[in-house]
K.L.:
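Can you keep this structure in mind? I'll have questions shortly.
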Amino acid sequence: MDVRIFQTPEETARALAARIAAALRDRPDQALGLPTGRSPVATYEELQRLHAQGQVDFSRARTFNLDEFAGVDATHPGSFRRFMDEHLFRGVNLEPTRIHFLDGTAPDLEVECDRFEAAIESAGGIDLQLLGIGANGHVGFNEPGDELTARTHRVQLHEATRRDNAALFGGEVGRVPREALSMGMGTSLKAAAIVLIATGERKAACVHGMVQGPLTTRLPASFLQTHRHVEVFLDRAAASRLT
Ligand code: GLP
């Protein structure tokens, strides 16, 4: 893994945004895989700023978001779709038809997962997959456990993950859905290149496991070690346990 360490979260976000902007300048029709969570927010803000300055063009890009809550529609304030509108989409020139999302309210969630996989395939696969990491080592909503699922699938969220996402649901853990749809670990690993961002002391242990620990389904992010082209963008606090 190519690990890059920056002094502050702001510097980390600027470096990652510059990396994404350069990829889009190089090949404007990139298929981007996108995460939610607090980690990429500053990167998304920087991309909006670069776009306003005419330094990044999303008009030919396509995006595939990693995950969505089950039973939550795109207009729900807690949905990841709304989160993306607020933090990235409304500030860049990306046509809605180029934005791909899992629909948590689809009548058959298994069919919805198959539809999403097919959409990624027909885009020729993901070129650049952005990732965050959950404090328990999850990627997307691929939670730690005895096994991992390769393809996009339906997941039961862990209590810790529901607590981490409570802010989207008025701070009430009880209102966070128990289920979600997530791009599979195998689907993410098929991306041509992966860039992951983690900042803050809270991520230091899982970052250490991801980069220097054994491959284990107990820390889904450790599987990124099997990919040829992963760049990890860290601030000093998130990198503090690396040796
Ligand atoms: C959610 C998302 C993940 C994200 C994680 C980390 O669970 N499904 O894709 O990586 O949160 O969130 P944060 O960046 O807020 O720590």
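Start at 1 and go down the list; that is how both ligands and their atoms are numbered.
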K.L.:
Report the relative orientation of the aromatic rings in H87 and F83; use parallel for angles under 30°, tilted for 30 to 60°, perpendicular for over 60°.
P.N.:
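Tilted.
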K.L.:
Which protein heavy atom lies closest to atom 15 (O) of ligand 1, and at what distance to 0.1 Å?
P.N.:
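Of every protein heavy atom, R38 N, 2.7 Å lies nearest to atom 15 (O) of ligand 1.
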K.L.:
Is the ring pair F58/H51 parallel, tilted or perpendicular, if the boundaries are 30 and 60 degrees?
P.N.:
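Because their plane-to-plane angle is over 60°, the rings of F58 and H51 count as perpendicular.
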K.L.:
Report yes if the side chains of P177 and V72 come closer than 4.5 Å at any heavy-atom pair, otherwise no.
P.N.:
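Yes; the side chains approach each other to less than 4.5 Å.
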K.L.:
Find all atoms of ligand 1 within a distance of less than 4.0 Å from any non-hydrogen atom belonging to G132, and give their numbers and elements.
P.N.:
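Going through ligand 1 atom by atom, the ones under 4.0 Å from G132 are 10 (O).
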K.L.:
Would you say G140 and ligand 1 have an N/O pair spaced under 3.5 Å apart?
P.N.:
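By distance alone, the answer is yes.
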K.L.:
Centroid separation under 6.0 Å, is that true for the rings of F169 and H76?
P.N.:
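That pair passes the under 6.0 Å test.
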K.L.:
Should the pair F116 and F64 be assigned to parallel (<30°), tilted (30 to 60°) or perpendicular (>60°) ring geometry?
P.N.:
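Because their plane-to-plane angle is over 60°, the rings of F116 and F64 count as perpendicular.
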K.L.:
In the protein, what heavy atom is nearest to atom 14 (O) of ligand 1, and what distance, to one decimal place, separates them?
P.N.:
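Its nearest protein heavy-atom neighbour is S39 OG, 2.4 Å.
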K.L.:
So which of E121, E117, R151 actually passes side chain to side chain donor-acceptor pair (under 3.5 Å) with T187?
P.N.:
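With T187 as partner, side chain to side chain donor-acceptor pair (under 3.5 Å) holds for just one option, E117.
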K.L.:
Consider ligand 1: state whether an atom of it lies below 4.0 angstrom from any non-hydrogen atom of D164.
P.N.:
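No, that is not the case, since the closest heavy atom of the residue is not under 4.0 Å from the ligand.
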K.L.:
I need the nearest protein heavy-atom contact for atom 11 (O) of ligand 1: residue, atom name and distance, please.
P.N.:
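Checking every protein heavy atom, the shortest distance to atom 11 (O) of ligand 1 gives H138 NE2, 3.9 Å.
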K.L.:
Can you report which non-hydrogen protein atom sits closest to atom 6 (C) of ligand 1, along with the distance?
P.N.:
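Protein heavy atom with the smallest distance to atom 6 (C) of ligand 1: I133 O, 3.6 Å.
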K.L.:
Considering the heavy atoms of D67, write down every atom of ligand 1 situated less than 4.0 Å from one of them.
P.N.:
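Close to D67: 2 (C), 8 (N), 9 (O).
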K.L.:
Quick check on contacts: which atoms of ligand 1 are under 4.0 angstrom from a heavy atom of K203?
P.N.:
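That gives atoms 13 (P), 14 (O), 16 (O) of ligand 1.
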K.L.:
Of all the non-hydrogen atoms in the protein, which one sits nearest to atom 12 (O) of ligand 1, and at what distance?
P.N.:
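Nearest protein contact, heavy atoms only, for atom 12 (O) of ligand 1 is G37 CA, 3.8 Å.
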K.L.:
Could you tell me the residue and atom name of the protein heavy atom closest to atom 4 (C) of ligand 1, and the distance to it rounded to 0.1 Å?
P.N.:
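Here the nearest protein heavy atom works out to T36 O, 3.9 Å.
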K.L.:
If you count every heavy atom of other residues, nucleotides or ligands that lies below 6.0 Å from E95 atom CD, does the total exceed 12?
P.N.:
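Not buried by this count: 12 neighbours or fewer within 6.0 Å.
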K.L.:
Let me have the donor-acceptor pairs involving side chains of residues 188-196, under 3.5 Å, with sequence neighbours excluded, atom names and distances please.
P.N.:
none

